[in-house]
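Scroll down for the structure; my scribbles are underneath it.
The basis for the numbers below is simple: all heavy atoms, side chains too, and nothing from hydrogens, waters or symmetry mates. Because the structure is a prediction, the values reported are computed rather than measured.
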Amino acid sequence: MKRNIEHTAMVAVAGSGLVWGIYWIPLRALTDAGVSGAWAVFLFYLIPTLLLLPIYFLRWRNLMRGGWPLNFSGMLAGASLVLYAGALIFTDVVQALLLYYLTPFGAPCWHA
């Protein structure tokens with residue numbers, strides 16, 4: 001049983017690495033198709049937003065029951081994804097990934 005859980009965890013980590021590794025490809029494809037930077041990010045998130053909007057309206061009472069801290073953290077998570085996508089569009093992919101992965105190391109320096 002323990003070995004099965006370990007394999008599942010390994011597959012999950014590899015899968016998430018794969019998804020984040022190829023995340024920039026459709027964004028750059030939109031840019032190459034002639035959609036300018038901010039509009040590419042907007043269009044990239046438009047379809048998931050439209051698909052999830054009916055679910056939001058069906059479950060809005062449950063979402064409000066979670067309180068504003070829960071909803072605010074969800075908004076911050078969404079904003080961080082939009083800013084990350086913008087960084088992938090407006091900079092080199094390597095620079096955006098380095099900034100993303102090295103942020104935890106720079107954060108203690110900001111508070112000093």
Side-chain angles (χ1 to χ4, degrees):
M1 182 69 173
K2 183 179 179 181
R3 186 172 180 168
N4 190 20
I5 292 172
E6 289 176 358
H7 281 30
T8 303
M10 286 188 263
V11 169
V13 168
S16 66
L18 178 69
V19 168
W20 285 110
I22 62 172
Y23 181 74
W24 61 274
I25 295 173
L27 285 169
R28 290 291 173 108
L30 278 173
T31 304
D32 292 342
V35 180
S36 66
W39 284 108
V41 174
F42 175 77
L43 289 175
F44 191 76
Y45 286 110
L46 180 65
I47 293 172
T49 301
L50 292 176
L51 290 174
L52 290 174
L53 209 54
I55 296 170
Y56 176 80
F57 286 122
L58 289 173
R59 298 182 47 103
W60 71 272
R61 286 190 180 108
N62 291 337
L63 292 170
M64 289 300 128
R65 196 173 309 138
W68 281 109
L70 177 66
N71 289 298
F72 185 68
S73 65
M75 288 181 229
L76 285 178
S80 67
L81 282 174
V82 168
L83 292 173
Y84 178 63
L88 289 172
I89 291 291
F90 291 113
T91 64
D92 293 333
V93 173
V94 173
Q95 289 175 343
L97 289 175
L98 281 173
L99 179 64
Y100 176 76
Y101 285 112
L102 294 177
T103 298
F105 295 110
C109 297
W110 297 337
H111 298 291

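Of all the heavy atoms in L70 and S73, the pair that sits closest is O-OG, 2.7 Å. Listed here is the closest heavy atom pair of L30 and A40: CD1-O, 3.4 Å.
Distance check: T91 OG1 to W24 CH2 gives 12.0 Å after rounding to the nearest 0.5 Å.
Placement of L18 and V11 in two distinct hydrophobic clusters is found when ILVMFWY residues are connected by side-chain heavy-atom separations under 4.5 Å, directly or transitively. Under the 4.5 Å side-chain contact rule for hydrophobic residues, L81 and L88 share a cluster. Grouping the Ile, Leu, Val, Met, Phe, Trp and Tyr side chains by contacts below 4.5 angstrom, directly or via other members, places Y84 with L46. In terms of hydrophobic clustering, with Ile, Leu, Val, Met, Phe, Trp and Tyr side chains grouped at heavy-atom distances under 4.5 Å, L63 and L50 are assigned to different clusters.
Remark: the backbone N or O of V13 is paired with a side-chain donor or acceptor of S16 at under 3.5 angstrom.
Counting only residues at least two apart or on different chains, the side chain to side chain donor-acceptor pair (under 3.5 Å) pairs with a member in residues 49-62 are N62-R65. For residues 31-55, every residue pair satisfying the ring-ring contact (aromatic ring centres under 6.0 Å, His included) rule, not counting sequence neighbours, is listed here: Y23-F44, W39-F42.
Hydrophobic cluster membership for L58: none, as no Ile, Leu, Val, Met, Phe, Trp or Tyr side chain comes under 4.5 Å of it. By the 4.5 Å side-chain criterion applied to Ile, Leu, Val, Met, Phe, Trp and Tyr, L52 is assigned to a cluster that also includes I55. The other members of the hydrophobic cluster of L51, by chain and number, are I47 (side-chain heavy atoms under 4.5 Å, ILVMFWY only). Residue F72 belongs to a hydrophobic cluster whose other members are L76, with links defined by side-chain heavy atoms closer than 4.5 Å.
Using a 4.5 Å heavy-atom threshold, the side chains of F90 and Q95 count as separate. Looking at T8 and I5, their side chains never come closer than 4.5 Å, going by heavy atoms from C-beta outward.
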